[in-house]
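Working notes, structure below.
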Amino acid sequence: MNKIIMVTGATAGFGRAIAMKFAQNGYNVIITGRRTERLEEVSKELDAIKGIKHLALNFDVRKRYEVEDIIKELPDEWKNIDILVNNAGLAVGMDLIQDGNIDDWDRMVDTNVKGLLYVTRAVAPLMVARNRGHIFNISSIAGKQEYEKGNVYCATKHAVDSLSRSMRIDMLKHNIRVTNIAPGLAETEFSLVRFKGDKQRAKDFYKGVKSLSAEDIAEVVYWCATLPEHVCINDINITPTQQANVGNLWRKE
Ligand code: NDP
Ligand code: 8X3
């Protein structure tokens with residue numbers, strides 16, 4: 001029987017690439033996201049892969065009761081989730097703390113921290129009951145270091161980083177692996193969202209850098225997940241070769 005992976009935020013970027021990578025390797029896949037038309041697009045791509053099943057769940061990770069109900073009402077055949085990838089997340093705005101937009105802050109905290117917690121709280125008991133599972137939390141280089149105007153986004157990703165360590169402790173006796181993934185610059189829809197649809201600003205963010213791709217991240221997640229079950233990769237920092245840390249990025253002219 002195929003293993004099951006659930007990926008939050010699978011309508012774009014890392015989540016979509018992770019869903020495709022695992023599906024191509026024989027996993028049944030639960031994809032989630034808010035945009036229905038995007039879920040349909042990814043579903044069509046998954047339809048084309050032979051020997052696997054997929055389930056598309058349309059919900060917002062910020063909606064606590066919706067998350068609870070949807071997971072509770074999963075058809076029995078989908079309840080045996082082997083891998084959860086807490087990927088749904090975003091940065092919104094980039095301002096000095098004294099100028100910050102509080103609505104932007106709320107969106108980041110509600111999605112990146114509370115949303116991740118709601119999903120984990122709903123799925124982790126299913127893993128505990130089976131004494132098996134693997135949880136991936138997509139944090140960021142911003143969860144390791146701070147940078148100017150990154151304030152609240154960085155704080156949410158530091159929270160994810162900390163939660164990964166805590167979860168690993170709590171899950172120890174349940175045979176559940178917890179892996180924290182901390183990517184640096186990666187070109188997805190991330191900057192378009194952060195800069196609220198400003199395509200030029202989003203493009204300039206990656207100027208002169210061969211940044212990470214969503215497929216690079218999917219490759220790393222797949223590697224961690226397919227190591228022998230007694231091996232847990234705790235934490236991975238991944239940057240483009242042109243990036244040493246948040247402050248040192250070498251941009252080619
Ligand atoms: P994208 O914007 O390309 O994808 C983000 C995904 O998250 C989308 O599928 C989106 O789906 C989903 N999402 C956002 N908000 C919600 C919500 N409230 N409920 C459900 N789903 C939601 O960005 P990335 O793929 O780059 O980002 C994925 C993760 O990786 C994020 O957590 C991000 O912080 C992190 N990250 C990104 C880096 C980068 O440079 N790109 C580097 C390090 C970490 P929809 O809009 O359909 O709901
Ligand atoms: C996204 C990477 O450097 O823009 O988490 O914060 S960065």
Side-chain angles (χ1 to χ4, degrees), residues 6-20 31-43 56-64 66-67 70 85-94 104 106-119 136-161 163-164 180-197 201-202 204-206 209 211-218 220-221 236-240 242-249:
M6 173 171 170
V7 186
T8 65
T11 57
F14 298 171
R16 181 179 184 147
I18 293 166
M20 295 308 297
I31 53 171
T32 88
R34 293 165 302 173
R35 288 171 289 178
T36 43
E37 70 290 354
R38 289 295 199 92
L39 275 176
E40 278 163 22
E41 252 179 57
V42 182
S43 288
L57 301 176
N58 180 210
F59 68 87
D60 185 327
V61 295
R62 291 172 295 180
K63 297 195 173 154
R64 173 179 162 186
E66 220 173 286
V67 173
I70 282 178
V85 184
N86 279 316
N87 165 75
L90 77 187
V92 203
M94 218 176 159
D104 292 348
D106 282 344
R107 276 182 71 192
M108 289 187 273
V109 173
D110 290 350
T111 309
N112 301 355
V113 184
K114 292 167 71 181
L116 177 144
L117 286 171
Y118 298 156
V119 174
F136 286 87
N137 292 325
I138 309 296
S139 176
S140 169
I141 195 170
K144 306 287 183 188
Q145 293 178 282
E146 299 77 17
Y147 52 88
E148 189 181 57
K149 300 181 180 175
N151 43 61
V152 176
Y153 178 66
C154 294
T156 64
K157 291 300 182 178
H158 275 71
V160 173
D161 192 87
L163 282 167
S164 295
N180 189 73
I181 306 277
L185 206 70
E187 195 161 356
T188 59
E189 293 173 19
F190 177 84
S191 290
L192 199 60
V193 173
R194 171 174 247 176
F195 299 126
K196 304 180 182 179
R201 207 170 162 203
D204 288 348
F205 205 69
Y206 304 101
V209 181
S211 52
L212 298 169
S213 68
E215 287 70 28
D216 295 329
I217 304 304
V220 169
V221 171
I236 293 204
N237 297 305
I238 323 162
T239 59
Q242 287 174 251
Q243 183 177 32
N245 53 49
V246 287
N248 290 83
L249 191 65

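For clarity, every value in this text was computed on a predicted model and none was experimentally measured. For ligands, and for the atoms within them, numbers begin at 1 and follow the listed sequence. We're numbering straight along the sequence, starting at 1.
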Under 4.0 Å from any heavy atom of [X], which atoms of ligand 1 are there?
X      : answer
Pro183 : 42 (C), 43 (C), 44 (C)
Thr11  : 8 (C), 9 (O), 10 (C), 11 (O), 45 (P), 47 (O)
Gly184 : 40 (O), 42 (C)
Ala10  : 9 (O)
Gly13  : 3 (O), 25 (O)

Greater than 12 external heavy atoms within 6.0 Å of Lys144's NZ: yes

Which one of [options] has a non-hydrogen atom at the shortest distance from [atom]?
atom                    : options                        : result
atom 5 (O) of ligand 2  : Ser140, Gly150, Ser191, Pro183 : Ser140
atom 36 (N) of ligand 1 : Tyr118, Phe205, Phe14          : Phe14
atom 23 (O) of ligand 1 : Thr188, Thr32, Val7            : Thr188
atom 14 (C) of ligand 1 : Arg38, Arg62, Arg34            : Arg34

Candidate pair His158 and Glu146, rule side chain to side chain contact (heavy atoms under 4.5 Å, CB included), full reasoning: CA-CA 9 Å; His158 275 71; Glu146 299 77 17; 3.0 Å; yes

Return the residue, atom name and 0.1 Å-rounded distance of the protein heavy atom closest to [atom].
atom                    : value
atom 31 (C) of ligand 1 : Asn87 O, 3.3 Å
atom 18 (N) of ligand 1 : Asp60 OD1, 2.8 Å
atom 3 (O) of ligand 2  : Ile141 CG2, 3.7 Å
atom 5 (C) of ligand 1  : Gly89 O, 3.8 Å
atom 7 (S) of ligand 2  : Tyr147 OH, 3.5 Å

Donor-acceptor contact below 3.5 Å, side chain Asp60 vs main chain Arg62: yes

Side-chain donor or acceptor of Gln243 paired with backbone N/O of Leu185 under 3.5 Å: yes

For [X], state whether at least one heavy atom is located under 4.0 Å from any atom of ligand 1.
X      : answer
Ser211 : no
Thr111 : yes
Lys157 : yes

From Phe205, Phe14, Tyr153, residue fulfilling ring-ring contact (aromatic ring centres under 6.0 Å, His included) relative to Phe190: Tyr153

[X] N/O under 3.5 Å from ligand 1 N/O:
X      : value
Val61  : yes
Arg35  : yes
Ser140 : no
Ile141 : no
Ala186 : yes

So if I count the atoms of ligand 2 from 1 in the order they appear, which ones are less than 4.0 Å from some heavy atom of [X]?
X      : value
Arg194 : 4 (O)
Phe205 : 4 (O)
Ala142 : 6 (O)

Check against side chain to side chain contact (heavy atoms under 4.5 Å, CB included), Arg34 and Thr11: CA-CA 8 Å; Arg34 293 165 302 173; Thr11 57; over 6 Å; no

Under-4.0 Å heavy-atom contact with ligand 1, by part of Tyr153 that carries it: side chain

Per-residue contact class, Ser139 against ligand 1 - non-hydrogen pairs under 4.0 Å: backbone

Closest contact, heavy atoms only, Pro183 versus Ser139: CD-O, 3.7 Å

From CA spacing to verdict: side chain to side chain donor-acceptor pair (under 3.5 Å), Asp161, Ser164: CA-CA 5 Å; Asp161 192 87; Ser164 295; over 6 Å; no

Side chain to side chain contact (heavy atoms under 4.5 Å, CB included) evaluation trace for Val152 with Asp104: CA-CA 9 Å; Val152 176; Asp104 292 348; over 6 Å; no

Check ion pair Arg38-Glu189 (N to O, under 4.0 angstrom): yes

Residue part near ligand 2, for Lys157, under 4.0 Å between non-hydrogen atoms: neither

Derivation and outcome, side chain to side chain contact (heavy atoms under 4.5 Å, CB included), residues Leu116 and Val61: CA-CA 7 Å; Leu116 177 144; Val61 295; over 6 Å; no

